[in-house]
Structure formats: C-alpha cells, structure tokens
A.B. asks: 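Quick one: the structure is below, questions incoming.
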2 protein chains.
Amino acid sequence: MIDYKIFELGNCVLQSGATLRDAKLAYKTYGNLNADKSNVIVYPTWYSGQHYDNEWLIGEGMALDPEKYFIIVPNMLGNGLSSSPSNTPPPYDRARFPNVTFYDNVKLQHRLVTENFGIEKIALVVGWSMGAGQTYQWGVSYQDMVERIFPFCGSAKTSLHNIVFLEGVKAALQADFAWEAGWYKEQPTKGLRAVARVYAGWGFSQAFYREKIYIQQGYSSLEDFLVAFWEGFFLRRDANNLLTMLWTWQNGNIGETPGFDGNFEQALGAIKAKAIVMPGQTDLYFPPEDNEYEVKYMPNALLRPIPSIWGHFAGGGANPVDTKFIDDSLKELLAS
Amino acid sequence: MIDYKIFELGNCVLQSGATLRDAKLAYKTYGNLNADKSNVIVYPTWYSGQHYDNEWLIGEGMALDPEKYFIIVPNMLGNGLSSSPSNTPPPYDRARFPNVTFYDNVKLQHRLVTENFGIEKIALVVGWSMGAGQTYQWGVSYQDMVERIFPFCGSAKTSLHNIVFLEGVKAALQADFAWEAGWYKEQPTKGLRAVARVYAGWGFSQAFYREKIYIQQGYSSLEDFLVAFWEGFFLRRDANNLLTMLWTWQNGNIGETPGFDGNFEQALGAIKAKAIVMPGQTDLYFPPEDNEYEVKYMPNALLRPIPSIWGHFAGGGANPVDTKFIDDSLKELLAS
C-alpha cells in the first residue's frame with residue numbers, strides 16, 4: 001500500500017549544472033493545512049530514511065501534533081522514493097544518477113511547498129542528521145519564509161572528520177567486487193554488510209556499547225545486534241542510492257549556497273529563523289563542538305545538547321528519554 | 001639488512017589448545033645488560049608495528065636511554081617478523097595460522113627474557129596500543145617479576161565498542177573478493193585500502209581533522225593524507241597478518257589469564273607493579289573512561305591522560321609535545 005504522494009517537478013537544473021529530468025519528490029503529509037496556512041512544519045528525511053521513519057516524532061500531544069499542524073515530510077533525493085539511482089530510467093539511472101546537494105533538495109522541496117500547497121510561511125523546519133543538513137539549508141535558502149528551525153544531530157557544513165568517516169563507509173561498500181562500479185545486477189550484499197559493521201561503531205557511543213544498551217533493546221548479544229539491527233538496516237538499501245546520499249552528505253555546506261561564495265560564517269549569519277540547535281552529547285560524527293561553532297554565528301540560535309549516551313542515535317527515536325528531551329524543546333520552540 | 005634476531009621457541013602449545021610449531025620470536029635489543037641484570041625494559045610492539053617502529057621513544061637523554069637500560073623489543077606474533085601467517089610454512093601458514101592471545105605472546109616473550117638472557121627482574125614493561133595490552137598481560141602473568149608497567153593508549157580488556165570498531169576494519173578487508181578467505185595469490189589491495197579509510201576516522205580525533213593537523217604534518221590535502229599516510233600504511237601489510245593480530249586484539253582480556261577464571265577485576269588487582277596508565281584524552285577506541293575503570297582495581301596505579309587532540313596517535317610518536325609528555329612520565333616512573 002502506497003502511503004505517499006509524488007510531486008512531479010519536470011526537468012530540474014541542479015547546482016552542479018546537470019539536469020535531473022522528470023524529477024519526482026515523494027512526500028507524505030500529516031494533519032490539515034489551516035485557513036491562513038500558518039501551521040506548516042517541514043520535516044525532511046535522513047541518510048536512507050523514508051518518510052515513515054520520521055513518524056516517531058509525530059503524534060497527538062507531541063510538539064509535532066497533526067491536530068494542530070500540517071506536517072510535510074519530503075523524501076530526500078536518492079532515498080529510493082524521491083528521484084534516485086534505483087528508480088530513475090536510463091540514461092540517468094544507477095551509476096549515472098547526478099550528484100545532488102542539500103541546496104538542490106531544498107529547492108525542490110520549496111517548489112512542493114509553494115507550487116503544490118501555496119504556502120508562504122513555514123512555522124518550523126526540523127530534521128535529524130542529514131535532515132538537519134536540509135533544515136539549515138532551508139534557513140539559508142528561504143530566510144524570510146522560515147520562522148523556526150530545529151536541526152538535531154547534524155551540521156550546516158560536513159566536518160572533515162565526518163567526511164573521513166564516510167570515506168570508510170564508501171570504501172567498504174566499493175571493496176565488494178559485486179558492486180561493479182555501480183552496474184551490479186544484484187545488490188553487493190557483502191559490501192552492504194561491511195558498511196553495516198563500519199557504521200556500527202560510529203552510530204552509537206562507546207558508553208552505549210559499554211553499558212550493553214543493545215541487550216535492553218532486545219538483542220541477545222553484540223553479534224546479534226550487528227547482524228539483526230545493523231546488517232538488516234543496510235541490506236534493505238540500494239548501493240547506488242546510498243552512494244548518492246553519501247555524496248550529498250560529504251558535500252554539505254550552506255556556505256556553497258548561491259550568493260555566499262563559500263563563506264560559511266556569512267551563510268550562518270543569514271539564518272533569520274529562531275533556532276534550537278541540538279547535538280547529541282556523545283555523537284561521534286556530529287560532535288557538539290561543530291554546532292557550538294555554528295551557533296556563535298547564528299543571530300537567533302541556542303545550543304542545547306541531548307544528555308545521552310546513545311551517540312548519533314539519541315536522535316533516532318528509539319530511546320523514550322531522548323525523544324522526550326527533543327519533543328520538549330520542540331514544544332518550547334514552537335511556543336516562542 | 002636484517003637488524004633483529006630470532007629466538008627459536010620450538011613447539012608451543014597455545015591458550016586455545018593449538019600448537020604453534022617451530023615458533024619464532026623476532027626481537028631487537030638496545031643498550032647493554034648490566035652485571036646484576038637490573039636494568040631491563042621490555043617494550044612490545046603494536047598492531048602491525050615492527051621493532052623499529054618503537055624506536056622514537058628510545059634514545060640518549062630519554063627515559064628509555066640505551067646508555068642506562070637494556071631495552072628488549074619483542075615483535076608481536078602475527079606482525080610479519082615473529083611467527084605469522086605470512087612466514088609460517090604449511091600446513092599452519094596463511095589462513096590456517098592459529099589464534100594467539102596476549103597471554104600467548106607474553107608467555108613466549110617471557111621465555112626469551114629468561115631462557116635467552118637469564119633475566120629475573122624487569123624494571124619496566126611499556127607499550128602503546130596492542131603493546132599496552134601486552135604490558136598489562138606481563139603485569140598479570142609475571143606479577144613478581146615486573147616492577148613497573150606503563151601501558152599507554154591501550155586497555156587490559158578490549159571494550160565492546162573497540163571490538164565493534166575492529167569488526168568494521170575486518171569486514172572492509174573481507175569484502176574484497178581478492179581476499180579469497182585468506183588464500184589470496186596477491187594481497188587484496190582494494191580491501192587493504194578500504195581498511196585504511198575505515199581506520200582513518202578512528203586513528204585521529206575529530207579535532208585533529210578540524211584543525212587540519214595533517215597539513216602541518218606535510219600532507220597537501222585531506223585526500224593526500226588518506227592516500228599517502230593511511231593507504232600507504234596498510235598496503236605494506238599482509239592481510240592474514242592483520243587478521244591474526246586483529247583476533248588477538250578483539251580477544252584481549254587479562255581476566256582470561258589461567259587462574260583468574262574470567263574475573264577481570266581480580267586480574268587487575270593482581271598487578272603488583274607500580275603503574276602509570278596513560279590514555280590519550282581524545283582516543284576514540286581506547287577512551288580514558290575504560291582506563292579509569294581499570295585503575296580503580298589496580299593496587300599501585302595512577303591514571304594520567306595525554307592532553308592531546310591526536311586521538312590514538314597521541315601515542316604514535318609523530319607529535320613532539322605528546323612524546324615529551326609520555327617521556328617525562330616514563331622518567332618519573334623509572335625514578336620511583
């Protein structure tokens with residue numbers, strides 16, 4: 001059962017100069033748009049996540065309450081539902097899918113919001129991880145449209161260390177002979193399983209493993225967690241899709257928004273939206289220090305780390321304590 | 001020019017029950033053994049390091065001064081010079097090389113020290129990383145023989161998170177078709193390069209990359225650092241050797257020393273040697289917290305982190321400030 005809609009974008013010229021032909025944005029909405037269109041929340045997806053993976057933060061009584069808000073969840077390009085290597089017809093399919101940036105993603109999302117819904121103001125953009133990258137981008141690309149942003153466990157510019165972490169992920173996938181430079185007949189499962197094991201050490205903190213939180217989560221051993229959660233997670237993904245999103249991630253930098261000429265600090269300064277920037281205290285690839293730097297240049301932003309040993313997955317929705325922390329801050333931001 | 005000697009050990013029964021036949025320990029010594037054999041330092045090697053890789057911490061005027069001490073550097077099993085998959089004749093060659101533990105390594109090193117040199121007391125055992133693992137093991141296996149230990153950037157029991165990090169390294173190597181389950185004709189270079197990129201994010205801290213210390217070190221860009229330093233580092237290694245040492249590392253646990261029945265805390269308590277335990281403050285896979293726990297159970301130990309952003313490589317000898325910090329503490333320990 002398909003629970004999402006497709007917005008047809010036609011031919012879109014990308015930041016790189018390539019054209020994404022017959023581009024499609026898959027999205028789902030929650031709640032109803034009110035009469036003056038003032039109750040809009042945009043909530044982009046993360047690395048390989050799809051709209052339903054965002055639903056843990058949406059619900060009655062929560063900050064993102066569909067009774068109050070009209071919540072649009074656009075799927076990121078490359079995630080398998082919006083235009084992606086896996087669903088684009090030749091000649092731009094598979095290994096030929098063009099590179100897309102956060103800027104491109106948000107530009108197409110903006111068209112969905114304005115052309116399809118006639119929306120002029122957005123009360124809040126919120127997102128986890130690469131969703132946070134899109135959130136910052138919204139704040140820069142559409143400074144007068146976005147009233148609040150709430151990026152959590154992400155960054156406005158992908159740090160050098162984060163780029164290196166992703167090099168490891170990419171190399172593990174591409175080491176698999178079956179990858180065939182993107183022209184595989186079947187998924188390179190050995191490479192996907194290697195990606196899973198590389199990712200496992202980064203996704204959660206040292207303390208998460210030290211305290212064996214995975215046992216409390218219903219896994220019977222460390223190896224069971226690596227296979228059932230991590231390998232299961234990546235075996236569901238398409239290799240080229242993962243590489244497309246990985247390129248987007250590695251090249252994340254709001255300073256590259258047209259008009260800022262690479263000036264990251266100036267781009268941060270252009271974000272007018274009221275912001276709470278929320279790193280995970282023990283996130284290994286989006287460490288709080290990088291957000292601390294950002295907030296210094298954002299005119300209207302507050303830094304508030306999640307006091308959690310869940311690492312990056314403090315923002316993943318699996319830990320009720322962290323979810324409450326995020327939700328409470330979202331309520332505070334929406335009330336302001 | 002061969003600058004090391006081989007100690008022939010004959011057939012050695014390992015902790016696993018397997019026999020390492022015609023086992024060989026490669027070692028090098030620095031300085032002279034004094035008359036009462038009271039000036040002995042043992043300084044084991046680390047993951048894929050060989051004796052000459054330890055020489056940065058040895059020198060006139062340094063704590064490890066060959067004018068004063070007789071320094072023995074035994075090469076770890078699997079490192080390509082001591083018995084290893086790459087140099088053992090069939091049938092125990094290559095993928096059939098048996099699993100060896102830190103306990104096994106130290107037992108053979110003890111035979112070198114006692115049988116070959118007639119040494120009864122060791123003034124100091126010191127080691128970095130897996131060398132630290134061997135250092136703790138010396139303290140437990142030969143409690144009355146070892147007067148001081150100085151493990152830096154390592155642990156007495158490999159943490160669960162560290163095991164996961166190594167799973168990523170292993171999976172990246174084994175994803176390469178050319179690995180052929182260890183029966184490769186040529187080195188699986190794609191896998192070795194993937195290992196390098198996975199390792200790169202772990203070896204140095206987030207701040208090391210943030211501050212682009214690699215540029216100060218003479219690399220022209222991040223990619224140059226990944227290729228010249230990291231890929232160069234691992235392309236010199238034999239894949240089966242790496243996997244043998246990785247198994248040793250993942251299974252590091254002094255609690256598994258015979259007599260302790262898996263009781264880690266009791267084994268820590270049995271270390272009589274005076275100790276300085278020195279983590280790197282920003283080490284991502286041997287974080288200070290694990291050493292903090294250890295020191296609580298060691299009767300005669302002090303915790304002293306290296307205040308450095310070099311991550312694990314604070315103990316690698318490339319940063320003079322960190323080297324001085326280590327050397328000063330070694331002098332203090334030796335003087336006590």
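Below, chains carry the letters A, B, ... as their sequence lines are ordered, and counting in each starts from 1. In this text the structure is predicted, and so the values were computed from the model without any measurement.
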A.B. asks: Give the interface residues of residues 242-249 of chain B toward chain A, defined by a heavy-atom separation under 4.5 Å.
C.D. replies: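 Within residues 242-249 of chain B, no residue comes under 4.5 Å from chain A.
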A.B. asks: Could you check which of B:V169, B:L173, B:L222, B:V195 has the highest count of heavy-atom pairs closer than 4.5 Å to chain A?
C.D. replies: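 Heavy-atom pairs under 4.5 Å are most numerous for B:L222.
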A.B. asks: Checking B:N162 against chain A: side chain, backbone, both or neither under 4.5 Å from a heavy atom?
C.D. replies: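 Neither part, no heavy atoms under 4.5 Å.
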A.B. asks: Between A:L284 and chain B, which part of the residue has a heavy atom less than 4.5 Å away: side chain, backbone, both or neither?
C.D. replies: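 Both parts, heavy atoms under 4.5 Å.
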A.B. asks: Would you please indicate yes or no on a ring centroid separation below 6.0 angstrom for B:Y297 and B:Y293?
C.D. replies: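 B:Y293 vs B:Y297: aromatic centres under 6.0 Å.
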A.B. asks: Counting only heavy atoms closer than 4.5 Å, note whether A:W202 contacts chain B via side chain, backbone, both or neither.
C.D. replies: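 Both backbone and side chain.
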A.B. asks: Report which part of A:Y214 has an atom under 4.5 Å of a heavy atom belonging to chain B: side chain, backbone, both, or neither.
C.D. replies: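 Only the side chain of A:Y214 comes within 4.5 Å of chain B.
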A.B. asks: With chain A, which of B:A171, B:G191, B:G201, B:S205 has the greatest number of heavy-atom pairs at distances under 4.5 Å?
C.D. replies: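 Ranked by heavy-atom pairs under 4.5 Å with chain A, first place is B:G201.
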A.B. asks: Can we say B:E231 and B:R197 salt-bridge, meaning some charged N sits less than 4.0 Å from an Asp/Glu carboxylate O?
C.D. replies: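 So B:E231 pairs with B:R197 through a salt bridge.
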A.B. asks: Which one of A:V198, A:L166, A:V164 has the most heavy-atom pairs closer than 4.5 Å to chain B?
C.D. replies: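 Result: the option with the highest number of such pairs is A:V164.
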A.B. asks: Step through the shown structure and confirm whether more than 12 heavy atoms of other residues, nucleotides or ligands are within 6.0 Å of CZ on A:R96.
C.D. replies: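 It does not: A:R96 CZ has 12 such atoms or fewer within range.
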A.B. asks: Relative to the ring of B:F204, is the ring of B:F208 parallel (under 30°), tilted (30 to 60°) or perpendicular (over 60°)?
C.D. replies: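 Parallel: the ring planes of B:F208 and B:F204 meet at under 30°.
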A.B. asks: Taking atom types as modelled, find out whether B:Y103 and B:N251 have a side-chain donor-acceptor pair closer than 3.5 angstrom.
C.D. replies: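 Side chains of B:Y103 and B:N251: no pair found under 3.5 Å.
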A.B. asks: Apply side chain to side chain contact (heavy atoms under 4.5 Å, CB included) to the pair B:F177 and B:E180, showing each step before the final yes or no.
C.D. replies: CA-CA 6 Å; B:F177 181 76; B:E180 296 194 67; 5.6 Å; no
A.B. asks: For chain A, which of B:K190, B:Q174, B:R210, B:R193 has the most heavy-atom pairs under 4.5 Å?
C.D. replies: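 The option with the most such pairs is B:R210.
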A.B. asks: Taking the six-membered ring for Trp, are A:Y285 and A:H312 parallel (under 30°), tilted (30 to 60°) or perpendicular (over 60°)?
C.D. replies: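 Ring orientation of A:Y285 relative to A:H312: tilted.
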A.B. asks: Side chain, backbone, both or neither: which part of A:K170 has a heavy atom under 4.5 Å from chain B?
C.D. replies: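 Neither part, no heavy atoms under 4.5 Å.
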A.B. asks: For B:Q266, what residues pass the side-chain hydrogen bond (donor to acceptor under 3.5 Å, both in side chains) criterion, not counting sequence neighbours?
C.D. replies: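 For B:Q266 the side-chain hydrogen bond (donor to acceptor under 3.5 Å, both in side chains) partners, ignoring immediate neighbours, are B:N263.
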A.B. asks: Check the angle between the aromatic planes of A:F229 and A:F225 and answer parallel, tilted or perpendicular using the 30° and 60° thresholds.
C.D. replies: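 Parallel.
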A.B. asks: Can you confirm if the NZ or CZ of B:R237 lies within 45° of the ring axis of B:F233 and under 6.0 Å from the centre of its six-membered ring?
C.D. replies: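 Verdict for B:F233: a cation-pi partner in B:R237.
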